[in-house]
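The chain is numbered in sequence order, starting from 1.
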Amino acid sequence: MFWLSHHHEEEYNRTYLLGGVRVCARCLGTYPVLLAVMVALFKARAPLSWEWDVPVVLGLTLPALVDWAVGRFRPGGGSNAVRTLTGVLLGVALGRSLFIHLQKPLPQVLVWQAALVAVVALPVLLMTYRSSRDG
């Protein structure tokens with residue numbers, strides 16, 4: 001069952017079992033925090049631009065990307081506590097960038113965030129795809 005879990009049986013070490021349902025460890029940190037941050041920013045009527053948006057959002061996104069990338073090369077490694085923590089940081093970053101995006105589509109912070117994800121994810125996916133095909 002893929003309810004908040006996009007992992008197959010061989011990756012169940014990356015999930016928590018909650019009430020008989022598999023939940024992705026990183027997603028468990030990301031989505032509730034993302035929602036909470038967005039609600040808080042809307043309630044506070046936060047400004048759409050802070051000078052530190054880009055560096056903070058990128059800085060909070062990077063740990064999840066690094067942990068994910070390491071996990072692609074070492075599928076049995078890592079811990080769910082680290083995945084959940086990096087998910088929380090990612091949730092804060094996504095909450096801020098999506099808060100802005102919903103009011104001002106494609107803001108600079110979201111474009112930079114997407115670029116960071118692409119720069120990290122594409123080479124990792126290509127390298128791990130090749131190694132899985134070769135091995």
Whether the T86 and R26 side chains hold a donor-acceptor pair (N or O, under 3.5 Å, no angle test) is what I'd like checked.
yes

When rounded to the nearest 0.5 angstrom, what distance separates [atom1] in [X] from [atom2] in [Y]?
X	Y	atom1	atom2	result
Q103	L48	CD	CG	4.5 Å
L90	D67	CG	CG	11.0 Å
R14	H6	CZ	NE2	10.0 Å

Taking the side chain as every heavy atom from C-beta outward, state whether [X] and [Y] have any atom pair closer than 4.5 Å.
X	Y	answer
L125	R72	yes
Q113	L94	yes
F99	V37	no
W52	V57	no
Y12	L17	no
W50	R96	yes
R83	W68	no
H101	S97	no

Where [X] and [Y] come nearest, the two heavy atoms and their spacing:
X	Y	answer
N13	P75	ND2-O, 3.4 Å
N80	A25	OD1-CB, 3.5 Å
L110	L106	CD2-CD2, 4.5 Å
G91	V33	C-CG1, 3.8 Å
P123	A118	CD-O, 3.8 Å
V124	A69	CG2-CB, 3.8 Å

Does E51, at its CD atom, have more than 12 non-hydrogen atoms belonging to other residues, nucleotides or ligands within less than 6.0 Å?
no

Verdict with supporting geometry, T61 and V117, side chain to side chain contact (heavy atoms under 4.5 Å, CB included):
CA-CA 8 Å; T61 300; V117 170; 4.3 Å; yes

Under the criterion side chain to side chain contact (heavy atoms under 4.5 Å, CB included), I'd like the reasoning laid out for Y16 against R22: C-alpha separation, chi angles, the key distance, then a yes or no.
CA-CA 6 Å; Y16 295 112; R22 292 277 171 190; over 6 Å; no

